[in-house]
Novice: 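Could you have a look at this structure, given as structure tokens, before my questions?
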Amino acid sequence: MTPKKYDHGKIEKKWQKEWASKKTYETSDSSDKPKFYILDMFPYPSGEGLHVGHPKGYIATDIVARMKRMQGFNVLHPMGFDAFGLPAENYAIKTKTNPSIAVAKNVARYKKQLEILGFDYDWSREVNTTDPKFYKWTQWIFLKLLEKGLAYESYEPINWCPSCKTGLANEDVEDGKCERCGTPVEKKPMRQWVLRITDYADRLLADLDKLEWPESIKESQRNWIGRSEGAELDFAIKGRAEKLTVFTTRPDTLFGVTYVVVAPEHAFVTELLKHKETLKNRDEVIKYVAQARVMTQIERTDAQKDKTGVKLDGIFAINPANGEEVPVYVADYVLAEYGTGAVMAVPKHDERDAAFSEKFNLPVLDRPFIDRTAVEKAGGKWVVKYKLKDWVFSRQRYWGEPFPVLHDGDKIVPVPEKDLPVELPKVKSYEPTGTGESPLADIKKWVNVNANDLHWTKGEKRPTEARMLKRETNTMPQWAGSSWYYLRYMDPKNNKALVDGAKEKYWNQVDFYVGGAEHATRHLIYARFWHKFLYDIGVVTTLEPFKKLQSVGLIMGEDGRKMSKRFGNVVNPDEIVGTFGADTMRVYEMFMGPFDQAISWNTNGMIGTRRFLERVWKLAERVDTKGQLSKETETLLHKTIKKISEDMAVLKHNTAVSSLMILSNAFEKEAVLPKAEFESFLKLLAPLAPHITEEIWRNLGNKKSIHISEWPVADESKLVDATVTIMVQVNGKVRGSFTAGKDATKEELEKIALGLDEVKKWVGDKTPDKIIVVPGKLVSLVVKL
RNA sequence: GCCGGAGUGGCGGAAUGGUAGACGCGCACGACUCAAAAUCGUGUAUCGAAAGGUGUGAGAGUUCAAGUCUCUCCUCCGGCACCA
């Protein structure tokens with residue numbers, strides 16, 4: 001017999017222990033079953049621990065994983081930790097302890113918090129990006145990128161955060177500010193490692209079409225990649241050997257060009273300034289260029305600000321279409337990084353050129369468009385440009401993967417594969433230097449490497465005779481490990497390869513990936529890039545890492561603001577689980593609303609789901625081995641099986657919960673509750689509330705876990721109600737209804753409808769002009785009144 | 001400015017073009033109780049005494065029938081943005 005009281009604390013602990021000891025959720029690599037790989041974006045284990053918003057996505061995938069397992073799939077649902085990066089490092093600076101200590105502590109805490117929620121993770125596959133056994137392969141991928149010419153050193157000015165004292169990728173800058181700390185970024189020329197993601201721009205764009213991802217995320221990536229088609233045109237410079245190549249998406253407006261503008265950083269300007277005599281207003285130009293250089297990105301790219309610029313006095317560009325001579329300006333509204341850094345100005349057709357022309361009193365020419373042939377005749381070359389920039393991949397900080405690279409004077413020497421991983425050494429001070437060097441540069445013992453100590457193989461024969469080499473002291477950005485971690489879960493302990501070929505083939509790609517939409521143009525682009533690269537070098541056999549993606553809507557605080565310690569609106573899951581139980585919290589978070597939508601937490605709302613589970617608990621006491629359900633409820637059960645199976649697969653857990661409530665309400669009204677049918681209900685509820693269902697299931701005499709039982713299948717013959725309500729409309733308004741057999745013919749329905757008193761009242765003695773009968777649904781009469 | 005998504009009771013939200021507001025919260029009344037909590041039951045868009053009317057951001061349209069489809073507009077959220 002079921003014990004009287006529903007004691008969630010006892011029940012949840014009991015089954016969590018049993019599932020762990022029986023390895024209920026361990027995934028096998030070889031199986032006749034079809035595979036299903038479902039993945040959560042792994043968390044960054046901060047010192048704050050989890051708040052109730054974090055597990056929302058994990059609960060949702062846990063539900064799908066459990067359902068799929070019961071449906072006979074070999075399910076891979078792993079979890080791990082992304083632990084390199086600034087928060088751990090800043091904490092280390094503050095406490096002067098190695099970040100690995102804090103990371104270990106935080107990971108332990110996260111795991112504990114996740115465990116009490118009853119997730120079905122296979123912890124034997126846990127990964128941690130800061131584990132040398134893991135980052136050995138992050139470094140290995142970098143070596144391959146280097147080998148294929150996709151990683152290179154660059155000295156171009158990059159985004160620099162003066163507060164974090166590190167260079168940043170374009171993707172780490174939001175509205176001209178450091179994404180981490182909000183400090184306006186500066187441009188700083190410095191040596192850095194860059195990955196040639198732009199080589200993959202076209203594929204990253206084109207392959208979006210075949211992904212089952214939310215349209216909004218695909219669109220964000222399209223915007224980020226920013227493809228535009230246009231032409232490059234050469235403008236000769238009067239009396240000089242150079243020419244200016246401009247990029248335009250509107251080469252047809254070539255006749256309307258009134259001037260040419262170049263970015264302050266353009267090589268042509270630099271060249272002109274080298275010689276004193278070329279420019280009449282040299283001092284003015286020097287001043288303008290210098291001003292542009294010290295501006296932050298925010299100041300520079302503020303579209304609201306007035307156009308500024310300086311004429312390159314005495315310089316004229318020649319329009320390749322008609323030979324017209326036009327002046328040349330240098331202005332900061334032209335960006336050096338995009339296109340060719342030079343633009344042909346057509347004020348008639350471009351707002352910015354129009355604004356500039358007005359300010360500088362330049363003419364506006366309204367001239368006919370030219371056709372494609374004329375463009376080509378003028379020397380136009382059709383090109384495609386992308387806004388996407390190469391990925392600035394080095395950071396001047398301590399807590400990241402060391403680059404597996406050595407410097408031999410000017411030469412780059414890859415660390416031999418045998419010497420991977422290059423382990424991050426312990427340092428005395430984690431403080432960033434701010435000089436463009438990382439704290440690693442201070443550790444002479446680590447930096448200086450005797451070439452004879454390395455394991456050169458034939459293929460990697462040491463390319464230098466020098467005995468002492470210097471290690472690269474920059475580290476990789478936080479995004480490195482997360483760009484490929486999903487592959488490691490397939491084969492987490494392999495020390496011979498990143499992933500075994502057969503295992504990769506079996507697990508293929510992630511079938512379903514769930515996480516925050518804020519990763520749209522960072523993690524989700526980087527991972528796609530690396531995956532395509534790994535495909536190109538034969539490590540993976542799929543073109544895309546994540547087949548289907550769903551984003552989680554945030555859970556906001558009760559005050560509607562983002563949950564944060566700063567606002568004091570953080571709700572701790574441990575407390576909620578203590579009071580209401582993990583099952584109640586799981587059901588509540590899924591029931592709150594549509595999964596991808598942001599929603600405010602409301603602890604009171606938990607009462608409803610707790611009541612629901614209490615009622616299920618009581619229902620179990622009424623289970624009978626004899627008897628049967630009413631026809632009506634039997635049909636409802638089969639409809640519910642069908643609906644839940646569909647809803648859960650696409651994370652519509654809110655409506656799944658609702659239909660389970662409806663079914664349990666119907667069960668309560670039944671005179672007898674047959675065991676088989678109640679067990680079907682339990683199985684449907686099991687993914688949502690794994691503990692209480694397991695307890696009831698075992699109390700009903702089942703020996704094996706409900707979570708490895710078979711998922712119910714709806715009986716087609718029991719899906720249709722024996723009788724249906726047919727409603728009757730007169731001129732589009734509902735005037736009555738009646739019940740009829742499910743197989744009643746159109747003629748029968750029409751006859752009954754016309755005979756109804758409430759219908760006669762509206763139709764009178766007139767003959768309907770039109771009668772529409774939808775069997776099983778309605779009769780609609782059209783009568784001229 | 002360009003692109004994507006969304007606007008439904010007091011609240012969270014349901015609704016293959018076919019009875020709008022499922023399910024839950026809250027609220028009201030009732031039962032149980034000395035009383036309260038918990039629990040259970042009934043009710044709960046709105047105007048109207050009723051018959052009936054009106055209602056899914058606003059306005060038009062298509063249709064026997066529109067929350068759902070089409071067009072125009074408004075508001076909110078998200079992405080991109082001096083990107084030529």
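Chain naming here is simple, since letters A, B, ... match the order of the sequence lines and numbering starts at 1 in each.
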Novice: So what does Val343(A) hit on the nucleic acid, given a heavy-atom distance under 4.0 Å: a base, only sugar-phosphate, or nothing?
Specialist: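 If one applies the 4.0 Å heavy-atom cut-off, Val343(A) turns out to touch a base.
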
Novice: For Thr245(A) and Asp234(A), test the side chains for any donor-to-acceptor distance below 3.5 angstrom and give the result as yes or no.
Specialist: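 The criterion, which ignores hydrogens and geometry beyond distance, is satisfied for Asp234(A) and Thr245(A).
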
Novice: Just N and O in the side chain of Asn604(A): are any of them under 4.0 Å from OP1 or OP2 of C11(B)?
Specialist: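 It does not, given that no N or O in the side chain of Asn604(A) lies less than 4.0 Å from OP1 or OP2 of C11(B).
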
Novice: How would you label the contact of Val261(A) with the nucleic acid (heavy atoms, under 4.0 Å): base, sugar-phosphate, or nothing?
Specialist: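 No contact.
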
Novice: Between Glu299(A) and Arg293(A), is the closest basic N to carboxylate O distance under 4.0 Å?
Specialist: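 Here Arg293(A) does not pair with Glu299(A) in a salt bridge, since their nearest N and O are not under 4.0 Å apart.
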
Novice: Could you check whether Arg615(A) gets within reach of a base, just the sugar-phosphate, or nothing at all, counting any heavy atom under 4.0 Å?
Specialist: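 Answer is sugar-phosphate: Arg615(A) comes under 4.0 Å of backbone atoms only.
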
Novice: Identify whether any heavy atom of Arg300(A) sits under 4.0 Å from a base atom; if not, whether one sits that close to sugar-phosphate; answer base, sugar-phosphate or nothing.
Specialist: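 Base, at least one base heavy atom under 4.0 Å.
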
Novice: If we call it a pair only when both distances are under 3.5 Å in a Watson-Crick or G-U wobble match, what pairs with G30(B)?
Specialist: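 Paired with C40(B).
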
Novice: Using side-chain heavy atoms (C-beta onward) and a distance below 4.5 Å, is Asp596(A) in contact with Gln550(A)?
Specialist: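 Sidechains of Gln550(A) and Asp596(A): in contact.
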
Novice: Nearest nucleotide by nearest heavy atom, which residue falls closer to the 5' end of RNA chain B, Gly732(A) or Glu337(A)?
Specialist: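 Checking each residue's closest nucleotide, the 5'-ward one belongs to Gly732(A).
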
Novice: Test for a donor-acceptor pair under 3.5 Å between the base of C80(B) and the side chain of Lys387(A), counting only N and O atoms.
Specialist: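 No.
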
Novice: Report yes if a side-chain nitrogen or oxygen of Arg222(A) is closer than 4.0 Å to either non-bridging phosphate oxygen (OP1 or OP2) of G79(B); otherwise report no.
Specialist: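 Checking Arg222(A) against G79(B): no side-chain N or O falls below 4.0 Å of OP1 or OP2.
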
Novice: Let's test this: given Watson-Crick or G-U wobble pairing with both distances under 3.5 Å, identify the partner of C73(B).
Specialist: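 G57(B) is the nucleotide pairing with C73(B).
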
Novice: Under a 4.5 Å cut-off applied to non-hydrogen side-chain atoms, are Trp479(A) and His519(A) in contact?
Specialist: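 Trp479(A) reaches His519(A) side chain to side chain.
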
Novice: Check every atom of U19(B), C23(B), C82(B) against the side chain of Ser658(A) and return the nucleotide holding the closest atom.
Specialist: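 That would be C23(B).
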
Novice: In whole Å, I'd like the distance from the CZ atom of Phe591(A) to the C1' atom of C25(B).
Specialist: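 Phe591(A) atom CZ is separated from C25(B) atom C1' by 9 Å.
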
Novice: Hey, are Arg372(A) and Glu376(A) close enough for a salt bridge, meaning a charged N less than 4.0 Å from a carboxylate O?
Specialist: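 Counted as a salt bridge, because a side-chain N and a carboxylate O are separated by less than 4.0 Å.
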
Novice: Which nucleotide in the list G12(B), G26(B), C23(B) gets nearest to the side chain of Ile599(A)?
Specialist: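 Side chain of Ile599(A) sits closest to G12(B).
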
Novice: Nearest to the side chain of Thr655(A), which nucleotide is it out of C64(B), A14(B), U39(B)?
Specialist: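 Selected nucleotide (nearest to the side chain): A14(B).
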
Novice: Could you tell me whether Ser659(A) contacts a base, only the sugar-phosphate backbone, or nothing, with contacts defined as non-hydrogen atoms closer than 4.0 Å?
Specialist: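 No contact.
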
Novice: Using a cut-off of 4.0 Å on non-hydrogen atoms, how would the nucleic acid contact of Asn665(A) be classed: base, sugar-phosphate, or nothing?
Specialist: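 Asn665(A): backbone/sugar contact only, no base atoms under 4.0 Å.
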
Novice: Does Tyr338(A) have Lys385(A) sitting over its ring (NZ/CZ under 6.0 Å from centre, angle to axis within 45°)?
Specialist: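 That pair does not qualify as a cation-pi contact.
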
Novice: Just call it for Leu660(A): base, sugar-phosphate, or nothing, with non-hydrogen atoms closer than 4.0 Å on any strand.
Specialist: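 Result for Leu660(A) = nothing.
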
Novice: Let's see if you can work this out: which of G79(B), A22(B), A84(B) has an atom nearest to the side-chain heavy atoms of Ser220(A)?
Specialist: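 Within the option list, the nearest is G79(B).
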
Novice: If you look at every strand shown and take non-hydrogen atoms under 4.0 Å, does Asp353(A) touch a base, only sugar-phosphate, or nothing?
Specialist: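 Touches nothing.
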
Novice: Whether Tyr338(A) contacts A84(B) is assessed here as follows: a side-chain N or O lying under 4.0 Å from the phosphate OP1 or OP2. Is that the case?
Specialist: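 So the side-chain polar atoms of Tyr338(A) do come within 4.0 Å of the phosphate oxygens OP1 or OP2 of A84(B), strictly under.
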
Novice: So how far is it from Glu589(A) CD to Lys56(A) NZ, rounded to the nearest 0.5 Å?
Specialist: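 If we round to the nearest 0.5 Å, Glu589(A):CD and Lys56(A):NZ are 8.0 Å apart.
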
Novice: When all nucleic acid strands are considered with a 4.0 Å heavy-atom cut-off, which category describes Ser780(A): base, sugar-phosphate, or nothing?
Specialist: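 Base: the residue Ser780(A), judged by heavy atoms under 4.0 Å, touches a nucleobase.
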
Novice: Hey, does Glu156(A) have a side-chain heavy atom less than 4.5 Å from the side chain of Val194(A)?
Specialist: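 Heavy-atom side-chain distance check fails, nothing below 4.5 Å.
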
Novice: Strictly by Watson-Crick or wobble contacts shorter than 3.5 Å, is anything paired with A14(B), and which nucleotide is it?
Specialist: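 No nucleotide pairs with A14(B).
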
Novice: Could you check Gly226(A) against Asn223(A) and say which one's nearest nucleotide on RNA chain B is further toward the 5' end?
Specialist: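 Taking each residue's closest nucleotide, the earlier one in sequence belongs to Asn223(A).
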
Novice: Need one value for Pro594(A): base, sugar-phosphate or nothing, where a base atom within 4.0 Å counts as base even if backbone is also close, heavy atoms only.
Specialist: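 Sugar-phosphate, no base atom in range.
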
Novice: Protein within reach of the bases, or only the backbone? For nucleotides 51-56 of chain B, mark each nucleotide 5' to 3' as B, S or -, using heavy atoms under 4.0 Å.
Specialist: SSSS--

Novice: Does any N or O donor sit under 3.5 Å from an N or O acceptor when you compare the side chain of Glu351(A) with the base of G1(B)?
Specialist: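 No, no donor-acceptor pair under 3.5 Å.
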
Novice: Scan Thr248(A) against the nucleic acid and name what it touches under 4.0 Å (heavy atoms): base, sugar-phosphate only, or nothing.
Specialist: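 It contacts sugar-phosphate atoms only.
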
Novice: Ignoring the backbone of Val734(A), work out which of A84(B), U19(B), A14(B) is nearest its side chain.
Specialist: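 Minimum distance to the Val734(A) side chain belongs to U19(B).
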
Novice: Paired with U63(B): which nucleotide, if any, by Watson-Crick or G-U wobble criteria at under 3.5 Å for both distances?
Specialist: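 Pair assignment: U63(B) / none.
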
Novice: Rounded to the nearest 0.5 Å, how far apart are OG1 of Thr258(A) and OH of Tyr329(A)?
Specialist: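 Going from OG1 on Thr258(A) over to OH on Tyr329(A), the span is 9.0 Å.
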
Novice: Starting at OH of Tyr333(A) and ending at C1' of A81(B), how long is that distance when rounded to a whole Å?
Specialist: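 It works out to 16 Å between those atoms.
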
Novice: Scan Ile662(A) against the nucleic acid and name what it touches under 4.0 Å (heavy atoms): base, sugar-phosphate only, or nothing.
Specialist: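 Touches sugar-phosphate only.
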
Novice: Check this one for me: any side-chain N or O of Ser228(A) less than 4.0 Å away from OP1 or OP2 of A84(B)?
Specialist: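 Yes, such a contact exists.
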
